[in-house]
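Accompanying notes for the structure given below.
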Amino acid sequence: MTQLSISQRAMAARPAPSYLDGLNPEQRAAVETLDGPVLMLAGAGTGKTKALTARIAHILATGAAKPWLVLAVTFTNKAAREMRERVEALIGPGAQGLSWLGTFHAMSAQMLRRNAELVGLKPNFTILDTDDQIRLLKQVIQAENIDEKRWTARHLAGLIDGWKNRALTPDKVPQDEAYGFAGGRGAKLYAIYQDRLKVLNACDFGDLLLHAITLLRSNPDVLADYQDRFRYILVDEYQDTNVAQYLWLRLLAQGRQNLCVVGDDDQSIYGWRGAEVDNILRFERDFPGAKVIKLERNYRSTPHILGAASGLISANAERLGKTLWTDLPGGEKVLVRGVWDGEAEARLVADDVEQWRRAGRPYKDAAVLVRASWQMRAFEERFIMLGLPYKVVGGPRFFERAEIRDAHAYLRLIASEDDDLAFERVVNTPKRGVGDTTVQKIATAARAAGVTLARMAQTLITTDELKGPARTGLNRFLADLERWRARARELPHTELAELILDESGYTDMLRADKSPQAAGKLDNLKELTRSMGAFDTLGAYLEHVQLVMDVDRGEDGEDTVQLMTLHAAKGLEWPLVFLPGWEEEVFPSRRALDESGQKALEEERRLGYVGLTRARESARISFAANRQIYGRWQTVLPSRFIDELPETHVEAVSDTGYFDHGAGAADSRYAAWGPMAMEAGAGFGSGYQSPGWKRAQASGGFGASRPPTIEAAAKLVAPSGASDARYGVGDRVFHDKFGYGSVTAVEGAKLSVAFDKAGEKRVIDSFVKAA
DNA sequence: TTCTTCACGCTTTTT
DNA sequence: GCGTGAAGAA
């Protein structure tokens with residue numbers, strides 16, 4: 001008798017198993033509807049994870065299936081970890097043996113390791129990350145004599161990823177798309193790249209899924225085995241699946257049709273990396289007889305927040321449609337505030353946070369969610385100035401840092417000497433006199449002889465092919481590798497890593513580095529050796545980092561304001577949420593709109609919906625009049641999304657204080673916001689429109705090198721005949737004939753102005769007189 | 001081989 | 001405005 005059936009009997013003895021406690025009728029239906037396909041449409045904050053984990057608990061506890069016969073797929077390792085923990089919390093040891101709970105990629109890798117030969121790989125294949133992928137593609141492009149400045153490896157990598165997301169092998173790439181790269185050689189390069197991967201016994205992330213599909217498609221016995229094995233299949237965040245993942249699932253689910261997918265079409269925000277909202281919109285057609293269960297009761301946010309979010313998302317056309325409701329009390333309206341510029345916005349947010357803190361609330365209950373990571377800088381600067389504790393979530397990932405990748409390359413070389421990409425990465429890091437020319441020489445010879453770089457290097461140092469420092473350096477490098485491999489047998493892998501970093505001169509190189517980042521890099525390497533300690537062997541560690549590009553650094557529990565992108569915020573929640581930068585061009589992002597038009601606009605809107613629904617008690621949107629983007633000042637307009645928020649749930653407030661023009665403004669919502677009113681034609685008083693000068697922006701404005709100041713703006717809107725209005729160097733001016741310019745010198749009433757368009761300087765009398 | 005200088009281009013991000 | 005990356009100089 002297994003432990004499972006004991007706990008099962010214990011469960012059966014009780015009328016209502018505890019994992020069903022506190023579930024509402026819809027959630028309960030989602031848990032207990034076990035036969036046939038199920039689509040759980042779960043709006044934000046409706047207890048989706050709770051229902052999903054309870055469903056797994058239910059399957060296991062009722063004995064419907066053994067844990068190893070349940071396939072549960074997520075997108076991120078974090079989600080997989082959380083799911084496992086929560087199922088364990090619900091039913092205890094019965095959850096052990098959930099060996100098929102993980103990400104699409106990890107599950108694919110698991111299948112491939114068992115049957116690697118069937119797709120032309122060896123079972124110990126390596127998994128390349130984006131960086132390896134790009135370096136390999138660069139080689140392919142060079143080998144084909146293509147201008148790599150015109151056609152970058154990064155661009156090609158993007159195309160290939162896109163094709164792989166759509167499960168397109170090189171022969172299936174549509175003609176017109178292949179023509180988009182290097183004059184029609186896109187598909188050919190893709191094919192060459194795939195050949196190179198095979199030679200290297202390597203996969204990129206897309207390959208994991210693609211090879212798994214190939215494995216299942218071309219081996220009916222393997223497919224039948226998995227179809228039979230997986231009694232129940234569960235998929236989290238179904239709205240984020242791409243075509244390849246859809247095909248993967250369809251193959252596996254075809255047998256028993258016991259597929260339960262959970263998602264929210266309104267929270268699909270990864271279209272740009274291949275996610276197809278269509279998959280969830282189409283589910284009922286793909287799986288006839290599917291039961292659709294909607295979770296609409298929200299346990300997270302106040303009615304005002306839900307109202308604002310619902311109003312916004314209702315502007316989208318392609319929706320399955322849900323109406324979130326809550327019986328939580330009213331709370332405050334969503335605040336919308338206009339500010340002068342990004343700095344003022346950061347000041348405003350920081351002030352709010354301090355007030356929140358003074359009211360006895362913790363910092364960690366507040367989050368700032370931005371559209372793009374460059375927006376974080378202003379907040380960080382302000383927070384640092386005030387000594388306000390904050391934490392950037394996401395950002396450059398630990399395992400993608402150069403020093404960590406270098407260390408890994410050394411370790412990979414110890415584990416398998418034929419890892420060419422690793423060899424190339426560190427053969428001259430730190431510098432040992434083995435430059436590009438030498439590496440090229442080795443690579444050409446290795447390719448010709450059909451051996452690995454390391455092996456060819458070994459051969460070449462015995463000949464006279466290489467001379468001087470190159471030969472000495474390479475010789476020492478190879479001898480080092482040999483010695484480390486020998487030590488690897490007796491030394492624990494953490495100590496081995498330290499030894500390698502020391503003896504290779506890598507730590508010395510960083511110590512000699514005077515740049516401020518060097519110290520951090522050394523810390524990161526320490527962190528690396530520490531995190532290796534959690535694994536028994538070097539091999540186990542490397543397998544882990546290849547798939548799980550994240551390290552559990554256990555820094556939870558710190559009381560800090562959370563600063564992150566909207567994308568990173570999905571699945572999280574806070575009582576107080578700031579949503580800055582709601583301006584056209586920024587959010588919705590102009591780039592997204594340029595690239596994918598209406599489709600992108602809807603996705604941006606969903607992003608706004610995700611942002612709003614993160615808030616439990618208070619959501620505070622803000623927008624600026626002037627924004628520094630890539631070091632250039634621009635005037636910006638409030639986001640169209642602000643207009644789409646239902647007024648009944650929104651409170652518009654001004655914090656500028658300087659430009660309160662009240663009822664005269666075009667839209668009372670922006671009443672207090674000077675520049676907007678100006679743009680809208682509300683005017684700043686009769687004197688503003690003086691002959692020849694349509695508009696004089698404050699210092700700053702278009703393309704200036706310093707931010708506009710309130711004082712300068714006030715000066716420029718001085719009453720008519722204001723020939724005495726004084727300008728400062730750097731002020732922006734606009735002239736009918738010459739367009740925008742900036743003041744380079746002031747002499748009495750004469751201004752020297754450099755006009756942007758004309759590219760020349762002109763001296764003009766004063767701002768009331770046309771030049 | 002390595003150091004220096006100029007040009008370019010720039011979201012979101014997981015595996 | 002800044003970091004990367006490629007081409008020329010030492």
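In what follows, chains carry the letters A, B, and so on, assigned in the order in which the sequence lines appear, proteins first and then strands, with residues in each chain numbered from 1.
Glu276(A) and Arg166(A) are not joined by a salt bridge, as no carboxylate oxygen comes within less than 4.0 angstrom of a charged side-chain nitrogen. Remark: Asp161(A) does not engage Arg273(A) in a salt bridge, criterion side-chain N to carboxylate O under 4.0 Å. Salt bridge present: Lys48(A) and Glu237(A) bring a charged side-chain N and a carboxylate O closer than 4.0 Å. Between Glu583(A) and Arg627(A) there is a salt bridge, with a side-chain nitrogen of the basic residue lying less than 4.0 Å from a carboxylate oxygen of the acidic one. Between Glu380(A) and Arg377(A) there is no salt bridge, since none of the side-chain N atoms of the basic residue sits less than 4.0 Å from a carboxylate O of the acidic one.
Taking side-chain N and O atoms only, Lys138(A) has a distance below 4.0 Å to OP1 or OP2 of dA6(C). Look at Asn428(A) and you'll find a side-chain N or O under 4.0 angstrom from OP1 or OP2 of dT2(B). The phosphate of dT11(B) has neither OP1 nor OP2 within less than 4.0 Å of any side-chain N or O from Arg590(A). At dT1(B), one or more side-chain N or O atoms of Thr438(A) fall inside 4.0 Å of OP1 or OP2 (strictly under the cut-off).
Remark: P of dT15(B) and CD of Gln245(A) are 12 Å apart, rounded to the nearest angstrom. One atom, CG of Asp129(A), and another, P of dT13(B), lie 17 Å apart when rounded to the nearest Å. Separating the CG atom of Asp240(A) from the P atom of dT13(B) is a distance of 13 Å, rounded to the nearest angstrom. In this structure, Leu593(A) atom CG and dT12(B) atom P are separated by 16 Å, rounded to whole Å. Distance, His155(A) NE2 to dG5(C) P: 17 Å, rounded to whole Å. Atom CD1 of Ile442(A) is separated from atom P of dT1(B) by 10 Å (rounded to the nearest Å). Rounded to whole Å, the distance from CD on Gln440(A) to C1' on dT1(B) is 14 Å. Taking atom CD of Glu583(A) as the reference point, atom C1' of dT11(B) lies 15 Å away to the nearest angstrom.
Comparing dT12(B), dC10(B), dT15(B) against the side chain of Thr103(A) picks out dT15(B) as the nearest. With distances taken from any side-chain atom of Phe205(A) to the nucleotides dT11(B), dT1(B), dT15(B), the minimum falls on dT15(B). For Arg273(A), the listed nucleotide lying nearest its side chain is dT13(B); candidates were dT1(B), dT13(B), dT11(B). Here the side chain of Ser589(A) is nearest to one of dT2(B), dT14(B), dT11(B), namely dT11(B). Closest to the side chain of His567(A), out of dT12(B), dT2(B), dT15(B), is dT12(B).
Checking Ala106(A) against Val439(A), the closest nucleotide of DNA chain B that is more toward the 5' end is the one next to Val439(A). Residue order along DNA chain B, read from the 5' end via each residue's closest nucleotide, puts Ala470(A) first among Ala470(A) and Ser373(A).
In this structure, Phe75(A) does not count as stacked on the base of dT14(B) under the 5.5 Å centre distance and 30° plane angle limits.
For Trp272(A) and Tyr270(A), the ring centers sit closer than 6.0 Å to each other.
Nucleic acid contact class of Ala372(A) (heavy atoms, under 4.0 Å, all strands): sugar-phosphate only.
On a pure distance criterion of 3.5 Å, no polar donor-acceptor pair joins the side chain of Arg371(A) and the base of dT11(B).
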